[in-house]
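A short write-up of the structure that comes next.
These numbers come from the heavy atoms of this one structure, side chains and all, not from hydrogens, waters or symmetry mates. Numbers here are sequence positions counted from 1.
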Amino acid sequence: ATAERPSLEATLQNALNVAAALTGAERGSLFLLNSVGVVTHSLLTYRGMTPDQQQGVVRRVMDRGLSGWVVRHRAAALISDTGQDDRWLASSSEAAPVAGSALGVPIISGAALVGVLTLTHSQLGRFTEEHLHLMQAAADQLALALRNAQIFEEQRLSAGRQAALYGVMRAVGEQLNPQAVAAEAVAAIVRLVNGEASWPGVGIALPDRDGQGWVLAAGSGSLDGHVGGPPPRDLAV
C-alpha cells in the first residue's frame, strides 16, 4: 500500500490508514525522526487542532509519552490499560479522545531509528500480541517505503530549487540597475515557488549608501509597503 504513494506526505498518510485498518485502531500518529532523534515530519489523526497545537502534542508525547518511550528504548510497547501505565501521557486537549489501550512500534532502517508509529483505541485491551507482531513486521516494510519516499522528496525539492535558481538568473540576466534586478528577482521567486512555500512576503534588501544599513529594494506581499525604506525590525536579513 505504501508503494503506491511516492510523495512523503502521502506515504505517511497511507501507512497510518493501513495500520489503523489492520488493527482496528481509532486514532494514531506517525512521526519521522532525523539522525539525532528530532521529529522532522508528524502526522496525527486528531482533528480540530491548529499547527501550533499539533507541535505541542508532538513535543509532549516525545518527551513524556509512549512515542518517546518507544524511541528511547527502540522497542515496541503494548498497553492494555493506559490509565495504569506510566508510559502513557493523557492529553488535556478536547481534540484528542480518551484512549483506553495503545500500541507503539519503532520504525528502524538498518541501524537507524527513523520513526515511531502509535495506535490507540478507546476500549481497554483492544490490541493483542498478534496486532503487535503484525505491526512489527509491517514496520520493516514501512521503513523501506518511507526511505524511498524521502529520497523521492529530496530529489523533487532539489530539482525545484535548481529550476527556481535558473529562472531567477534568467529573469535578472538582462537587467543592469540594482533595483530593477531586485524587482525581477522577487517577481521570479514568487512565481517559481508559488505552492512550495507559505511565505507572507518576499523581499530583497541592498546596502544603503553609507554601507551601514539596509534598504528594501524590492518586495511583495507583506513587504511591499516597506520598499524604499529599511526592512521591518523583526525581519532577519
Side-chain angles (χ1 to χ4, degrees), residues 1-46 54-55 57-82 85-89 91 96-97 99-156:
T2 56
E4 298 175 357
R5 300 291 189 269
S7 73
L8 184 56
E9 290 78 8
T11 297
L12 290 173
Q13 183 64 66
N14 203 42
L16 189 56
N17 292 345
V18 171
L22 290 173
T23 61
E26 295 175 335
R27 304 284 177 179
S29 64
L30 182 55
F31 303 155
L32 294 189
L33 296 86
N34 61 18
S35 58
V36 294
V38 175
V39 176
T40 59
H41 295 78
S42 61
L43 181 63
L44 303 171
T45 56
Y46 306 150
Q54 289 188 1
Q55 291 180 5
V57 170
V58 173
R59 286 193 297 268
R60 289 194 296 273
V61 299
M62 288 298 294
D63 183 32
R64 306 188 305 276
L66 178 61
S67 296
W69 186 93
V70 170
V71 169
R72 290 189 294 274
H73 292 79
R74 298 172 66 97
L78 179 62
I79 298 179
S80 297
D81 185 353
T82 58
D85 198 302
D86 293 338
R87 295 173 295 181
W88 183 256
L89 178 65
S91 175
S101 53
L103 173 66
V105 178
I107 302 172
I108 299 175
S109 177
L113 191 149
V114 297
V116 54
L117 170 68
T118 304
L119 302 170
T120 67
H121 198 283
S122 57
Q123 296 179 1
L124 301 178
R126 179 62 180 81
F127 302 111
T128 66
E129 290 289 340
E130 182 179 354
H131 289 138
L132 179 63
H133 295 321
L134 178 61
M135 286 298 97
Q136 286 179 308
D140 293 337
Q141 299 300 320
L142 180 57
L144 178 60
L146 290 175
R147 181 54 185 157
N148 289 339
Q150 286 176 314
I151 293 174
F152 177 85
E153 187 74 2
E154 291 167 0
Q155 292 174 338
R156 186 185 68 82

Next item on the list: Side-chain contact test, heavy atoms from C-beta onward, threshold under 4.5 Å: evaluate it for L119 versus M135 and give yes or no.
Entry: yes
Margin query: side chain to side chain contact (heavy atoms under 4.5 Å, CB included) for V61 and F31? Distances and angles first, verdict last.
Written below: CA-CA 11 Å; V61 299; F31 303 155; 3.6 Å; yes
Checklist line | Heavy-atom pair with the smallest gap, counting every atom of A76 and Q136 | finding: CB-NE2, 3.5 Å
Next item on the list: Rounded to the nearest 0.5 Å, what's the gap from NE2 on H131 to NE2 on H121? Could you check?
Entry: 9.5 Å
Item checked: Atom pair OG (S42) and CE (M62), whose distance is rounded to the nearest 0.5 Å -> 10.5 Å
Next item on the list: I would like to know whether V57 and L44 meet side chain to side chain contact (heavy atoms under 4.5 Å, CB included); could you show each step before the answer?
Entry: CA-CA 9 Å; V57 170; L44 303 171; 4.2 Å; yes
Next item on the list: Report the C-alpha separation of E129 and L78 in whole Å, then their side-chain angles, then the decisive distance to 0.1 Å, and conclude whether the side chain to side chain contact (heavy atoms under 4.5 Å, CB included) test is met.
Entry: CA-CA 8 Å; E129 290 289 340; L78 179 62; 3.7 Å; yes
Item checked: Test item: side-chain donor near acceptor, T120 and E26, under 3.5 Å -> no
Note to self: For I79 and L66: C-alpha separation, side-chain torsions, deciding distance, then whether side chain to side chain contact (heavy atoms under 4.5 Å, CB included) applies.
What the structure shows: CA-CA 9 Å; I79 298 179; L66 178 61; 3.8 Å; yes
Check: Where the side chain of H73 meets the backbone of W69, is there a donor-acceptor pair that is under 3.5 Å apart?
Finding: yes
Side-chain donor-acceptor pairs under 3.5 Å in residues 99-114, sequence neighbours left out?
from : atom 1 : to   : atom 2 : distance (Å)
S101 : OG     : Q123 : O      : 2.7
S101 : OG     : R126 : N      : 3.3

Could you list the donor-acceptor pairs under 3.5 angstrom formed by side chains in residues 15-23, with sequence neighbours left out?
from : atom 1 : to  : atom 2 : distance (Å)
N17  : OD1    : Q13 : NE2    : 2.9
N17  : ND2    : Q13 : O      : 3.3
T23  : OG1    : A19 : O      : 2.9
T23  : OG1    : A25 : N      : 3.4

Item checked: Those residues that, when tested against S80, pass side-chain hydrogen bond (donor to acceptor under 3.5 Å, both in side chains) (two or more places apart) -> none
Next item on the list: Can you measure from OG (S29) to CG (L117) and round to the nearest 0.5 angstrom?
Entry: 7.0 Å
Check: If we only count heavy atoms from C-beta on, is the L12 to L32 side-chain gap below 4.5 Å?
Finding: yes
